[in-house]
Q: 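Take this structure first; my questions come after.
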Amino acid sequence: KSATSTIPIVMIAVGDPVRAGLVQSLAHPGGNVTGNTIISPELSSKRLQLVKKVIPSAAHVALLWNPNNVSNVAIREELAVAAPALGLRLSAVTAATINDFEGALATLVRDRPDAVLLTSDPLHHAHIHRIVEFLLRNRLPSICQSREDAEAGGLMSYGAKFPDLFRQGAFFAQKIMTGTKPSDIPVQTPQEFELAINLKTARGVGVTVPPLLLATANAV
């Protein structure tokens, strides 16, 4: 976006494009950028509901976040509103650089939250195996945003279907190539979500997943 204000740009699976300054609004991008986002207002609340379904006694959840990521800021704000309504206390543990990981993970072990919420922050995602292996080793259940992170060892994930978002890129490209300005193509939010559950991790952290929840999962 800094390099050009004229060449159309299609963004795929970004966080919060408005906070990031990529578009003026979702409905009216207003510039040369459009595309889709993984952000949806109900996601944070849904993930907390899943925590309560799997761990009914849960009272404290921790968010491992990067405050330099505007999408992480949005997620924290949403969780701060949703958590009290479900009887949950929310804490936030910062990992903004790779040097922060050791201290952040030590904090999680010390505080022993009932579940740890993970984001798709690029830095965190690049080290997802290190994070989920540490949480598993210390018997801390983790709730992720993407199915890939659950497959990597997270307890479960709930979020947009990433392959669908990338396929949707063709829709934006076709509209632009046939004459529609990016400024006139609304940014699309996810329409379908998937739940993935890692039973091996569930056994490792001592959690029993309710059969009904297993039956509704997209991937187990």
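Because the structure is a prediction, the values reported are computed rather than measured.
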Q: Honestly curious: do Leu155 and Leu199 fall in one hydrophobic cluster under the side-chain, below-4.5 Å linking rule?
A: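 Same hydrophobic cluster.
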Q: Out of curiosity, Leu63 CG to Leu117 CG, how far, rounded to the nearest 0.5 Å?
A: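 It comes to 6.0 Å.
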Q: What distance separates Arg76 CZ from Asn69 CG, expressed to the nearest 0.5 Å?
A: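 That separation rounds to 13.5 Å.
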Q: Ignoring hydrogens and angles, tell me if any N or O in the side chain of Asn198 forms a donor-acceptor pair with the backbone of Lys200 under 3.5 Å.
A: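 Such a contact is found between Asn198 side chain and Lys200 backbone.
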Q: Mind checking the CZ-CZ spacing from Arg47 to Phe193? Nearest 0.5 Å is all I need.
A: 9.0 Å
Q: I'd like to know whether Val132 forms a side chain to side chain contact (heavy atoms under 4.5 Å, CB included) with Asp149, so could you lay out the CA-CA distance, the side-chain angles of the two residues, the decisive distance to 0.1 Å, and finally the verdict.
A: CA-CA 8 Å; Val132 295; Asp149 291 349; 5.7 Å; no
Q: Which atoms form the tightest heavy-atom contact between Gly15 and Ser71, and what is the distance?
A: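 Smallest heavy-atom distance, with atoms named: CA-OG, 2.9 Å.
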Q: Is there side-chain contact between Leu50 and Leu195, with heavy atoms separated by less than 4.5 Å?
A: yes
Q: Which atoms form the tightest heavy-atom contact between Ile55 and Ala115, and what is the distance?
A: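 In terms of heavy atoms, the two residues are closest at CD1-CB, 4.5 Å.
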Q: Using a 4.5 Å cut-off on heavy atoms from C-beta on, say whether the side chain of Ser157 contacts that of Ser146.
A: no
Q: Give me the atom names and distance for the closest heavy-atom approach of Val51 to Ala58.
A: CG1-CB, 3.9 Å
Q: Is it possible for you to say whether Leu123 and Leu105 belong to one hydrophobic cluster, with membership spreading through side-chain heavy-atom contacts below 4.5 Å?
A: yes
Q: Ignoring hydrogens, what is the shortest heavy-atom contact between Asp164 and Arg167? Give both atom names and the distance.
A: OD1-NH1, 3.0 Å
Q: Would you mind checking if Arg19 and Glu77 are paired as a salt bridge, meaning a charged N to carboxylate O distance below 4.0 Å?
A: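 Yes, charged N to carboxylate O under 4.0 Å.
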Q: Decide yes or no for Thr189 and Ile39: does some side-chain heavy atom of the first lie under 4.5 Å from some side-chain heavy atom of the second?
A: no
Q: Any side-chain heavy atom of Leu118 sitting closer than 4.5 Å to one from Trp65?
A: no
Q: Are Lys181 and Asp184 within salt-bridge range, i.e. N to O under 4.0 Å?
A: no
Q: As an exercise, state the distance from SG of Cys144 to CD1 of Ile131, rounded to the nearest 0.5 Å.
A: 9.0 Å
Q: Would you mind reporting whether Ile38 and Leu165 have side-chain heavy atoms less than 4.5 Å apart?
A: yes
Q: With rounding to the nearest 0.5 angstrom, report the CG to NE2 distance, Leu64 to His124.
A: 5.0 Å
Q: Indicate if Leu26 and Ile9 have the same hydrophobic cluster label, given that clusters are the connected sets of ILVMFWY residues with side-chain heavy-atom separations under 4.5 angstrom.
A: yes
Q: I'd like to know if the side chain of Asn66 pairs up with that of Asn72 as donor and acceptor (distance under 3.5 Å, no hydrogens or angles considered).
A: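 No, because no side-chain N or O of Asn66 sits under 3.5 Å from a partner of the opposite role on Asn72.
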Q: Checking Asp114 side chain against Val61 main chain: does a donor-acceptor pair fall under 3.5 Å?
A: no
Q: Taking Asn138 for the side chain and Leu140 for the main chain, is one N or O donor matched with an acceptor at less than 3.5 Å?
A: no
Q: Look at the side chain of His129 and the backbone N and O of Gly153, then say whether any donor-acceptor pair between them is shorter than 3.5 Å.
A: no
Q: Would Val81 end up clustered with Leu86 when hydrophobic side chains under 4.5 Å apart are linked, directly or stepwise?
A: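 Not linked; separate clusters.
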Q: Within the distance-only criterion (no hydrogens, no angle test), does the side chain of Thr34 pair as donor or acceptor with the backbone N or O of Val10 below 3.5 angstrom?
A: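 Absent.
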Q: More than 12 heavy atoms of other residues, nucleotides or ligands under 6.0 Å from NZ of Lys52: is that the case?
A: yes
Q: Can a donor-acceptor pair be found, under 3.5 Å and without considering hydrogens, that links the side chain of Ser44 to the backbone of Glu78?
A: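 Absent.
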Q: Quick check: do Asp16 and Thr37 have side-chain heavy atoms less than 4.5 Å from each other?
A: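 Sidechains of Thr37 and Asp16: no contact.
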Q: Taking Gln145's backbone N and O only, do any of them form a donor-acceptor pair with Ser120's side chain (distance below 3.5 Å, no angle check)?
A: no
Q: Measure the shortest side-chain to side-chain distance between Gln49 and Lys46 over non-hydrogen atoms and say whether it is less than 4.5 angstrom.
A: yes
Q: Has Asn32 got a side-chain atom pairing as donor or acceptor with Ile7's backbone, closer than 3.5 angstrom?
A: yes
Q: Under 4.0 Å between a side-chain nitrogen and a carboxylate oxygen: does that hold for Glu194 and Arg147?
A: yes
Q: Of the non-hydrogen atoms in Asn68 and Ala96, which two are nearest, and what is the gap between them?
A: ND2-CB, 3.6 Å
Q: With no hydrogens and no angle check, is any side-chain donor or acceptor of Glu102 less than 3.5 Å from a backbone partner on Asp100?
A: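 Checking the backbone N and O of Asp100 against the side chain of Glu102, no donor-acceptor pair under 3.5 Å is found.
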Q: What do the steps show when you test Val33 against Met11 for side chain to side chain contact (heavy atoms under 4.5 Å, CB included), and what is the final call?
A: CA-CA 7 Å; Val33 181; Met11 58 184 181; 3.8 Å; yes
Q: Could you state whether Leu108 and Leu79 fall into the same hydrophobic cluster, counting links through intermediate Ile, Leu, Val, Met, Phe, Trp or Tyr residues with side-chain heavy atoms under 4.5 angstrom apart?
A: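 Cluster IDs for Leu108 and Leu79 differ.
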Q: Rounded to the nearest 0.5 Å, how far apart are CZ of Phe172 and OG1 of Thr180?
A: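 Between Phe172 CZ and Thr180 OG1, I get 11.5 Å after rounding to 0.5 Å.
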Q: Check for a donor-acceptor pair, side chain of Asn218 on one end and backbone N or O of Ala196 on the other, with a separation under 3.5 Å.
A: no
Q: Considering only heavy atoms from C-beta outward, does the side chain of Ile12 approach that of Phe162 to under 4.5 Å?
A: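 Contact flag for Ile12/Phe162 side chains = no.
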Q: Taking it one step at a time, do Ile143 and Tyr158 satisfy side chain to side chain contact (heavy atoms under 4.5 Å, CB included)?
A: CA-CA 8 Å; Ile143 314 301; Tyr158 185 77; 5.8 Å; no
Q: Where is the tightest heavy-atom contact between Ala13 and Asn36, given as atom of each residue plus distance?
A: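 In terms of heavy atoms, the two residues are closest at N-OD1, 2.7 Å.
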Q: Have His28 and Ser183 got a donor and an acceptor in their side chains that come within less than 3.5 Å?
A: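 The answer is no; no qualifying pair exists.
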